[in-house]
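Numbers for residues simply follow the sequence, beginning at 1. Atoms within a ligand are numbered from 1 in the order they appear, just like the ligands themselves.
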Amino acid sequence: MQCPACREAFSARLDGEPPGVDPAELDRHLAGCAACAGWAERTELVTRRARLAPAPPVPDLTREVLAALPRTLPGARVAARSRLVTSALRLALLAVGVAQAAWAWPALTSGAGAMSAPVHLAHETGAWNLGVAAALLAVAAAPRLAPGTLPFLGTFTALLATLTVADLRAGHVHADRAVAHLLLLAGLSLVATIAWRRRRRSRALPALARDRVAA
Ligand SMILES: [Zn+2]
């Protein structure tokens, strides 16, 4: 084995790489060549010192890096505003639901308060109106229920609104009674808004995830 090949092979072995020659032959050359043995000893020492040497000091940039970060992550502000709007909608729905229940209660318990309807008809009216209040309160408590209540609330409100307008014109209902139905309109609007926002968000989330995967 020639000296340059010996030193190349030794250097490779020192770096943990395959020496490319027969290790026994390498050791034999080192044992027989004082120049290579001395070179190998020095090389080993330098490598060892380089590996054990402490890392050069670097400035601590933690504060600068943290200061350079945005205070809120992109999208966090939008999400916080969205949560605030959802909370406001739920609170408004809670208020409408409670008002609707308070309005329905007298007709349900005493048969009174449903104009001059027969007692059982007043009871039915009270039960229907309390059912509506329960639906509104359920959506306020669990917004995921919003889409499921829409067919009933929507139909009931549309029919009642149309009939109430006709009854007002014909003088079959007093304005104060008709105004109470505005609670129903407000409740339906809030439920529909909550359902629409949830639908929009559930559509946006997969798209967002897709964009992140693609990025
Ligand atoms: Zn040699």
Side-chain angles (χ1 to χ4, degrees), residues 1-95 97 135-151 189-215:
M1 177 185 273
Q2 300 293 313
C3 292
C6 162
R7 294 182 186 191
E8 199 177 324
F10 183 81
S11 183
R13 190 165 74 178
L14 209 58
D15 290 338
E17 293 164 10
V21 297
D22 180 8
E25 202 183 331
L26 174 61
D27 289 336
R28 247 194 325 273
H29 182 90
L30 284 171
C33 174
C36 281
W39 177 88
E41 201 175 318
R42 288 192 300 279
T43 307
E44 204 168 4
L45 194 68
V46 167
T47 306
R48 192 176 154 74
R49 277 185 185 159
R51 283 182 185 161
L52 294 182
V58 289
D60 181 5
L61 295 174
T62 311
R63 194 171 295 176
E64 285 82 351
V65 170
L66 287 178
L69 286 174
R71 289 202 178 278
T72 50
L73 289 172
R77 198 173 295 174
V78 177
R81 198 163 51 216
S82 174
R83 274 199 299 275
L84 202 68
V85 172
T86 302
S87 300
L89 287 170
R90 290 175 68 186
L91 275 175
L93 193 58
L94 177 70
L136 300 180
L137 291 172
V139 174
R144 67 188 157 78
L145 299 176
T149 61
L150 280 178
S189 307
L190 289 165
V191 170
T193 307
I194 289 171
W196 172 71
R197 284 168 56 82
R198 287 180 64 80
R199 187 180 166 85
R200 192 183 56 169
R201 198 181 59 187
S202 67
R203 279 185 174 177
L205 281 179
L208 200 68
R210 219 172 34 240
D211 290 350
R212 280 192 183 157
V213 169

Below 4.5 Å, heavy atoms only, C-beta onward: do Val85 and Leu89 meet side chain to side chain? yes
Side-chain heavy atoms of Ser11 within contact of Glu17, under 4.5 Å: no
Less than 4.5 Å apart, any side-chain heavy atom of Arg90 and any of Pro143? yes
For the residue pair Cys3 and Cys33, establish whether any side-chain heavy-atom pair is separated by less than 4.5 Å. yes
Counting heavy atoms not belonging to Gln2, are there more than 12 under 6.0 Å from its CD? no
Which protein N, O or S atoms lie under 2.8 Å from the Zn ion (ligand 1)? Cys3 SG, His29 NE2, Cys33 SG, Cys36 SG
Between Val46 and Thr43, is any pair of side-chain heavy atoms under 4.5 Å apart? no
